[in-house]
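Down below is the structure, laid out as C-alpha cells.
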Amino acid sequence: MVVQPRDDRFQDDRPQDDRPQGYGTGSAPERDRVRDPVNAADAIAEGVRGMAPAGIPHRLCVVAVELLPVTGASVSLRGNGMPVRMSASDDAAARVAEIQATLGDGPSLHAAETGAPVLASDLTTGRDARRWPVFAQQAAESGVQAVYSLPLGSGAVCVGTFDLYGDIPHELTEPELHTARLVAGVMTLALMSLSHEEGEEGEEGEGGVGEESWLSGLATAQDETYQAIGMIMAQLGIGAEEALARLRASAFAQGRTALDVAHEVITYRKRFDRD
C-alpha cells in the first residue's frame with residue numbers, strides 16, 4: 001500500500017539554520033534521544049519556536065522523532081467510524097496511519113476508543129502481533145515493528161491520537177513515556193489553539209489560516225467518506241456499518257486506502273454491486 005501525503009499544509013518550511021540541533025537526521029537506533037523531563041520540555045518549546053499555528057502539529061511530530069527512540073510520528077483526529085490523519089513526520093508515518101484507518105484496526109483506534117495509551121512494543125511476535133495480526137503484518141512490511149498511541153484531549157473526551165512508530169521492538173521506559181505524554185499534551189493544546197484562532201481570524205476576514213480553514217482538507221476527506229458510505233448503502237441496501245466495512249474491504253483487497261476508494265465512489269468511478 002503506497003500512500004502519498006495529501007498536501008503540504010503542515011510541512012516544515014523553517015530555514016535549516018533555525019531548526020533544533022540534530023533535527024531530522026539519522027535513524028532511531030543511531031541517536032541517543034533519552035532526555036530528562038526538563039530537557040525534553042525545553043526541546044519541545046524550542047522545536048515550535050517561531051512556528052505559525054497551522055505548522056505546529058507537523059513540527060511536534062518531527063520533534064517527537066528527535067526526542068524518542070522512534071522513526072516516525074503522526075496525529076489523527078477522531079471521526080465517526082474512521083480517523084482522519086492530520087499530519088505526520090514523513091511519508092512512512094503517514095502510510096502507517098492510513099493503514100490503520102483503512103483496516104479499522106490497530107493501536108491508534110483502540111487508544112481513541114478507550115481514551116488510554118496503547119503501547120504495542122513488539123508487533124513481530126507475542127500478544128501485540130496476535131491482537132492486530134493483519135495490521136502487524138502490514139506495519140512490518142512498511143518497516144514498523146512497534147507503535148505507541150496516545151489519546152489527545154481531556155479525560156472525558158478523546159479528540160484524536162498521537163502515534164509513534166518504531167522500526168525495532170522496544171518497550172518505552174518511564175522517562176520516554178513521560179516525554180511522549182509531554183508532546184501529546186502540547187499537541188492537544190495546539191489543536192485547541194488552532195480551532196480558537198481560526199474562529200477569530202475568520203470573523204475578522206483577515207488572511208492566513210483563517211482565510212482557508214486549517215480543517216478544510218480534513219473536513220473534505222471525512223465528508224467524502226460519509227458520502228461514499230451513503231452511496232454504498234443505497235447501492236446495496238445495507239446499513240452504515242456494513243457499508244463502511246465493504247468500503248474498507250475493497251480498499252484492503254486493492255492495497256489502497258479507504259479514502260482513495262471513497263473518492264472513486266463519489267465521483268462515480270466505482271460502484272458496489274449486490275453479490
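Any value given below was found using the heavy atoms of this structure, including those in side chains, with hydrogens, waters and symmetry copies removed.
- With rounding to the nearest 0.5 angstrom, the CG atom of L247 is 4.5 Å from the CD1 atom of I232.
- Remark: S89 OG to E66 CD distance equals 10.0 Å, nearest 0.5 Å.
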List, one per line, each side-chain donor-acceptor pair under 3.5 Å for residues 111-118, sequence neighbours excluded.
unit_1: T114; atom_1: OG1; unit_2: H110; atom_2: O; d: 2.9
unit_1: T114; atom_1: OG1; unit_2: A116; atom_2: N; d: 3.3

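- The only member of L67, N39, L172 that meets side-chain contact (heavy atoms from CB on, under 4.5 Å) when paired with T179 is L67.
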* side-chain contact (heavy atoms from CB on, under 4.5 Å) between E264 and D260: does it pass, once the steps are laid out? -> CA-CA 7 Å; E264 287 195 345; D260 288 338; over 6 Å; no
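- Distance alone, capped at 3.5 Å, is enough to place a donor-acceptor pair between the Q100 side chain and the S108 backbone.
- Taking E242 as the reference, R246 meet the salt bridge (charged side-chain N to carboxylate O under 4.0 Å, His left out) condition, with sequence neighbours excluded.
- Of the inter-residue distances, the one linking I99 atom CD1 with E141 atom CD reads 8.0 Å to the nearest 0.5 angstrom.
- Atoms CG and CD1, on L191 and I56 in that order, are 10.0 Å from each other to the nearest 0.5 Å.
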* List the steps, then state whether side-chain contact (heavy atoms from CB on, under 4.5 Å) holds for S76 with R85. => CA-CA 4 Å; S76 297; R85 178 176 58 80; 4.0 Å; yes
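- For the pair V65 and A73, the tightest heavy-atom approach, listed with the atom from each and the gap, is CG2-N, 4.0 Å.
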* Applying side-chain contact (heavy atoms from CB on, under 4.5 Å), run through F135 and V96 and close with a yes or a no. => CA-CA 9 Å; F135 168 71; V96 181; 3.9 Å; yes
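- The distance from the NE2 atom of H170 to the CG atom of L119 is 10.5 Å, given to the nearest 0.5 Å.
- Closest approach of G104 to L109, counting heavy atoms only: C-CD2, 3.4 Å.
- Geometrically, K270 engages F272 in a cation-pi contact, judged by NZ or CZ lying under 6.0 Å from the ring centre and within 45° of the ring axis.
- Pairing each heavy atom of A43 with each of V63, the nearest pair is O-CG1, 4.3 Å.
- The environment of R127 atom CZ is sparse: at most 12 non-hydrogen atoms of other residues, nucleotides or ligands sit within 6.0 angstrom.
- More than 12 non-hydrogen atoms from other residues, nucleotides or ligands lie less than 6.0 angstrom from CD of Q254.
- For E98 and R95, the salt-bridge test fails: no basic side-chain N is under 4.0 Å from an acidic carboxylate O.
- Interatomic distance, CE of M187 versus OG1 of T161, reported as 10.0 Å (0.5 Å rounding).
- No side-chain heavy atom of L150 sits less than 4.5 Å from a side-chain heavy atom of Y148.
- With sequence neighbours excluded, no residue forms a salt bridge (charged side-chain N to carboxylate O under 4.0 Å, His left out) with R131.
- A distance-only check finds a donor-acceptor pair linking the side chain of E176 to the backbone of T173 [under 3.5 Å].
- A salt bridge between R271 and D273 is present, with a side-chain N of the basic residue lying under 4.0 Å from a carboxylate O of the acidic one.
- Checked against D163 for a side-chain contact (heavy atoms from CB on, under 4.5 Å), the options S74, P83, C61 give a single hit: S74.
- Side-chain contact between V134 and L103 is present, with heavy atoms from C-beta onward closer than 4.5 Å.
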* To do: Might you work through the side-chain contact (heavy atoms from CB on, under 4.5 Å) test for V186 and L60, ending with a clear yes or no?
  => CA-CA 8 Å; V186 176; L60 288 173; 3.9 Å; yes
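- Shortest non-hydrogen contact noted between V261 and S250 is CG1-OG, 4.1 Å.
- D128 places a side-chain N or O within 3.5 Å of a backbone atom of S121 that can act as its donor or acceptor partner.
- Listed here is the closest heavy atom pair of D90 and A93: OD1-N, 2.8 Å.
- Here the closest heavy-atom approach between residue A41 and residue L182 is recorded as N-CD1, 4.3 Å.
- The closest side-chain heavy-atom distance from V147 to Y165 is below 4.5 Å.
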